[in-house]
Amino acid sequence: MYAVMQCLSQLNFLTSGNSHNSNFCLPCLSERKYGVIFGALPTQAEVATSTFQDELANIDWDDLGFGLKQTDYMYVMKCGQDGVFSGGDLFPFGNIELSPSAGVLNYGQGLFEGLKAYRRADGRIVLFRPEQNALRLTMGAERMCLPAPSVEQFVEAVKQTVLANKRWIPPFGKGSLYIRPLLLGSGAVLGLAPAPEVTFLIYVSPVGNYFKEGLAPIQLQVETKYHRATPGGTGNVKTIGNYAPVLKVQRSAKVEGFSDVLYLDAINKKYLEEVSSCNIFVVKDTTVSTPALQGTILPGITRKSIIEVARSRGYEVHERLVSVDELMDADEVFCTGTAVVVSPVGSITYLDRRVTYGNGAPGKVSQELYSALTSIQMGLTADNMGWTVKVE
């Protein structure tokens with residue numbers, strides 16, 4: 001199996017001059033041209049027992065940040081008009097080839113997910129609630145007229161990809177392996193219609209903290225002109241088209257010294273929705289509140305987990321409309337998301353008013369919930385919730 005991988009890497013090098021910038025045609029995957037040349041690609045069992053996967057990559061684990069580091073393998077599985085996914089395999093990480101008329105390029109017919117794998121102190125590798133990502137992908141796929149892999153296919157594909165890239169999982173306490181599944185309308189279309197072929201792809205990258213501040217409080221600006229989503233739209237699914245529109249606003253805010261932007265609802269323009277890529281929580285006394293899911297807010301898996309952890313620790317948690325006035329009067333504010341986990345907010349600027357929280361230090365509640373959640377993820381406390389999944 002190691003020889004097969006070496007041959008594949010050499011093929012990439014010979015065809016592109018760079019083993020991490022290879023090009024291959026997606027239709028070739030279904031024809032299994034690599035399989036014809038080299039035999040079957042590795043099974044999960046073969047990858048799991050490969051000793052060469054255990055040696056850690058030679059990178060600076062203390063300076064990861066949140067950026068792409070090209071790893072070894074990606075997973076690709078396709079389906080046609082029958083809507084059935086099958087024949088998924090691992091391939092060397094590299095570029096993909098799409099028709100100029102692919103549905104994802106012309107009409108934005110695509111979704112993505114984000115989850116993490118962790119290396120625990122005992123060396124075991126775990127995933128955090130991967131079935132929830134699979135279910136969310138299925139919900140989004142229905143909205144975007146895409147077939148989706150089953151929950152079982154999704155979780156199995158994630159496991160294979162993680163195992164194949166095991167050497168890129170940061171050492172205990174140094175970060176995590178970010179996992180990015182994509183669901184793309186890869187088939188060619190001209191008129192507005194669902195793509196006749198869909199590709200499910202997973203790649204990974206080791207990551208550290210999402211915000212440059214790390215666990216230090218971030219500074220948010222409330223956006224009053226632009227909106228992230230509207231009722232009846234796609235704000236509650238992780239479609240690719242939801243994210244590019246926030247870049248302009250986010251960039252402007254960062255030029256002014258803010259970490260990110262907090263959006264308000266598009267109708268009343270006074271109720272909190274979410275930050276560009278994470279959910280928001282407001283604390284007053286011993287009550288934790290977060291905007292209710294009413295079709296415009298992404299149902300974050302970290303959001304869901306923090307709500308459950310907070311309730312298990314005796315906090316009163318409300319999912320409801322939360323006004324910007326309540327935000328400015330809060331004792332503490334924090335964000336949640338797969339990338340950020342829990343990020344305390346140090347200040348909010350709304351129009352010409354700026355409010356600070358905790359004298360520049362993380363709040364008590366956000367620290368407690370962050371510690372409780374990450375202790376489960378890292379195996380420092382018992383997983384009584386049944387949230388972690390071993391990869392072996």
Side-chain angles (χ1 to χ4, degrees), residues 8 11-12 15-16 21-38 40-41 73-115 130-131 133-158 160-161 179-204 229 232-245 298:
L8 286 171
L11 175 65
N12 286 341
T15 56
S16 68
N21 286 296
S22 59
N23 291 278
F24 65 87
C25 177
L26 286 177
C28 294
L29 299 180
S30 59
E31 297 168 11
R32 297 180 60 81
K33 289 186 178 179
Y34 286 130
V36 171
I37 298 173
F38 297 113
L41 285 164
Y73 304 108
M74 60 187 183
Y75 182 95
V76 182
M77 181 167 59
K78 296 159 65 69
C79 84
Q81 291 181 303
D82 61 359
V84 178
F85 280 91
S86 61
D89 264 323
L90 292 165
F91 290 85
F93 182 91
N95 295 338
I96 62 174
E97 182 176 310
L98 289 171
S99 165
S101 59
V104 66
L105 298 181
N106 289 262
Y107 301 116
Q109 192 187 20
L111 298 157
F112 72 93
E113 274 297 328
L115 64 159
E131 75 289 342
N133 293 90
L135 291 169
R136 188 170 66 181
L137 184 73
T138 299
M139 179 183 73
E142 193 278 331
R143 178 68 176 84
M144 301 299 290
C145 283
L146 289 164
S150 68
V151 171
E152 293 75 19
Q153 286 177 314
F154 180 99
V155 174
E156 179 65 18
V158 167
Q160 289 191 38
T161 311
I179 305 161
R180 173 57 60 83
L182 302 171
L183 191 65
L184 310 173
S186 52
V189 291
L190 183 60
L192 181 58
E197 175 191 84
V198 175
T199 298
F200 178 60
L201 186 152
I202 305 174
Y203 69 91
V204 298
T234 58
N236 65 330
V237 298
K238 210 166 176 66
T239 178
I240 58 177
N242 285 349
Y243 292 85
L298 187 72

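Computed from a predicted structure; not experimentally measured.
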Non-hydrogen atoms of [X] and [Y] that approach each other most closely:
| X | Y | value |
| --- | --- | --- |
| A195 | V198 | O-CG2, 4.4 Å |
| Q153 | F85 | NE2-O, 2.9 Å |
| N133 | E113 | ND2-OE1, 2.8 Å |
| I240 | G108 | CG1-O, 3.8 Å |
| P130 | F154 | O-CE2, 3.6 Å |
| L183 | P149 | CD1-CD, 4.1 Å |

As an exercise, state the distance from [atom1] of [X] to [atom2] of [Y], rounded to the nearest 0.5 Å.
| X | Y | atom1 | atom2 | result |
| --- | --- | --- | --- | --- |
| T239 | F112 | OG1 | CZ | 9.0 Å |
| E156 | T161 | CD | OG1 | 9.5 Å |
| L115 | E131 | CG | CD | 10.0 Å |
| R136 | K238 | CZ | NZ | 5.0 Å |
| Q109 | S186 | CD | OG | 9.5 Å |

Between [X] and [Y] (side chain of the first, backbone of the second, donor and acceptor by atom type, cut-off under 3.5 Å), is there such a pair?
| X | Y | answer |
| --- | --- | --- |
| T234 | V237 | no |
| Y107 | L190 | yes |
| T199 | G185 | no |
| N106 | P100 | yes |

4.5 Å side-chain heavy-atom contact, [X] and [Y]:
| X | Y | answer |
| --- | --- | --- |
| I202 | P181 | yes |
| L111 | M144 | yes |
| L182 | Y203 | yes |
| L201 | I96 | yes |

If the plane angle is over 60° it's perpendicular, under 30° parallel, otherwise tilted; pick one for Y75 and F200. perpendicular

